[in-house]
Amino acid sequence: MQNLALIKLGGSVITFKDQVLKANTEAIDGISKALAGLDVPIIVVHGGGSFGHYWSVKYDMHTKPDAYDPHGVSVVHESMITLNQIIVNSMIKSGMNPYSIAPPAFTTGHKAIPSKVKQLYVMAKSKVTPVTFGDVVHVEGSKYSILSGDALMSILARVLRPSKVVFATNVDGIYKDMETKELVGELKLSKAGLVEFSKVAGADVTGGMQRKVKEAFKIASLGLDVMLVNGLKPDRISQAVTGKLEMGTIVKGRR
Ligand code: IPE
């Protein structure tokens, strides 16, 4: 494991999902401040929320490679660049040294280019923070696909084996049940690994959260602990990175 915090900022934290192309600048600034206070190499991945997601739905684009509308490819990508700029500028204001990097710089299709991914870690160690994002990527010929920020987390975690893997969403973690909002503090991967997911799904993990939990399990199966925290409370991201998490869900890595 390497001394590295790999942090995903979910679209539900950094944008208002129900307001088209609206960034949650207050939340972004809060997170930038929290991250600026950390003394550990960091790589940030962010989602699309009401930017990339909005357009990818409009143009009916999915994770499956296909000949999607080329104009959609352009518009989705540019909307992600716009959101990325907002985030990166907030980080610069807070004193961080972010460095925007689109996924095709270190992936090909949905696969890592290991030497390029390793370079991101070297940058992070030199106090420059790579900031990448879910995006639409070229696969082959006229085929493109959506490469989500969650998938990028797995791609990066597999190569870099970070000591801290954090998913920040707009909820406190995984709930045992939605009504009581009782939180699952810790989840262990059994030998069955991903198969167990269907049982955990008995706990309330619907929609976008379900995908995150699935990705978290995938990363935990590599032997890494994965934390799911509320990014609207930036302290929790700091707590997760410094090993002092007070509220959130830890998916324990299978060792
Ligand atoms: C979004 O990435 C990528 C695009 C739609 C371009 P994510 O799927 O990781 O985004 P959120 O975090 O769920 O919004």
Side-chain angles (χ1 to χ4, degrees), residues 1-13 31 34-35 38 40-47 63 110 112 117 121 132 134 147-178 180-255:
M1 247 187 295
Q2 312 204 76
N3 180 31
L4 169 69
L6 177 63
I7 303 171
K8 158 91 196 278
L9 306 177
S12 60
V13 177
I31 291 169
L35 297 185
L38 295 171
V40 58
I42 297 173
I43 295 177
V44 175
V45 176
H46 68 80
T63 52
H110 285 211
V117 171
Y121 177 52
T132 189
L147 178 56
S148 74
D150 296 330
L152 281 173
M153 288 294 281
S154 283
I155 288 172
L156 294 169
R158 199 176 289 274
V159 177
L160 297 176
R161 309 192 62 79
S163 47
K164 304 284 184 240
V165 180
V166 183
F167 283 84
T169 70
N170 65 344
V171 292
D172 289 338
I174 300 173
Y175 295 120
K176 267 187 201 135
D177 114 46
M178 239 7 212
T180 61
K181 292 257 156 110
E182 196 190 335
L183 212 59
V184 181
E186 190 178 306
L187 273 175
K188 277 204 185 79
L189 269 193
S190 74
K191 269 206 175 117
L194 284 172
V195 182
E196 281 289 293
F197 175 66
S198 55
K199 283 195 200 139
V200 178
D204 210 276
V205 282
T206 49
M209 196 59 183
Q210 183 149 351
R211 219 185 46 202
K212 270 154 199 72
V213 173
K214 218 170 164 171
E215 218 61 50
F217 271 55
K218 226 159 107 185
I219 297 172
S221 73
L222 303 171
L224 305 167
D225 291 350
V226 181
M227 289 166 276
L228 295 121
V229 302
N230 193 335
L232 295 171
K233 313 245 159 83
D235 287 358
R236 303 217 183 132
I237 300 179
S238 312
Q239 291 170 5
V241 171
T242 53
K244 297 182 189 126
L245 185 60
E246 283 167 20
M247 192 179 242
T249 301
I250 303 183
V251 182
K252 296 297 272 182
R254 190 172 51 206
R255 296 194 170 86

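Quick caveat, the model's predicted, so the values are computed rather than measured. The chain is numbered in sequence order, starting from 1.
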I want to check something: taking the side chain as every heavy atom from C-beta on, are [X] and [Y] in contact at a cut-off of under 4.5 Å?
{"X": "Leu6", "Y": "Leu160", "answer": "no"}
{"X": "Phe167", "Y": "Val251", "answer": "no"}
{"X": "Thr249", "Y": "Val213", "answer": "no"}
{"X": "Leu187", "Y": "Phe217", "answer": "yes"}
{"X": "Ile31", "Y": "Val44", "answer": "no"}

Value rounded to 0.5 Å, distance of [atom1] in [X] from [atom2] in [Y]:
{"X": "Ile237", "Y": "Leu9", "atom1": "CD1", "atom2": "CG", "result": "5.5 Å"}
{"X": "Lys8", "Y": "Ser148", "atom1": "NZ", "atom2": "OG", "result": "6.5 Å"}
{"X": "Arg161", "Y": "Met1", "atom1": "CZ", "atom2": "CE", "result": "7.5 Å"}
{"X": "Asp150", "Y": "Thr169", "atom1": "CG", "atom2": "OG1", "result": "10.0 Å"}
{"X": "Leu35", "Y": "Ile42", "atom1": "CG", "atom2": "CD1", "result": "5.0 Å"}
{"X": "Met153", "Y": "Leu224", "atom1": "CE", "atom2": "CG", "result": "10.5 Å"}

Closest approach of [X] and [Y], non-hydrogen atoms and distance?
{"X": "Val13", "Y": "Ala168", "result": "CG2-O, 3.6 Å"}
{"X": "Gly243", "Y": "Lys164", "result": "N-CE, 4.1 Å"}
{"X": "Tyr175", "Y": "Val184", "result": "C-CG2, 4.0 Å"}
{"X": "Ala240", "Y": "Val166", "result": "CB-CG2, 3.9 Å"}
{"X": "Gln2", "Y": "Tyr121", "result": "OE1-CE2, 3.0 Å"}
{"X": "Ala157", "Y": "Ile219", "result": "CB-CG2, 3.9 Å"}

Atom CZ of Arg158: over 12 foreign heavy atoms under 6.0 Å: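 No, because the 6.0 Å sphere around CZ of Arg158 holds 12 heavy atoms or fewer from other groups.
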Please report, to 0.1 Å, the donor-acceptor pairs under 3.5 Å made by any side chain of residues 226-236, with sequence neighbours excluded.
from, atom 1, to, atom 2, distance (Å)
Asn230, OD1, Leu232, N, 2.9
Asn230, ND2, Asp172, OD1, 2.9
Arg236, NH1, Asp172, OD1, 2.7

Short N-O contact, Lys244 and Glu246, less than 4.0 angstrom: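 Looking at Lys244 and Glu246, the cut-off is not met.
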Lys212 with Glu215: basic N within carboxylate O range, under 4.0 Å: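 No salt bridge links Lys212 with Glu215.
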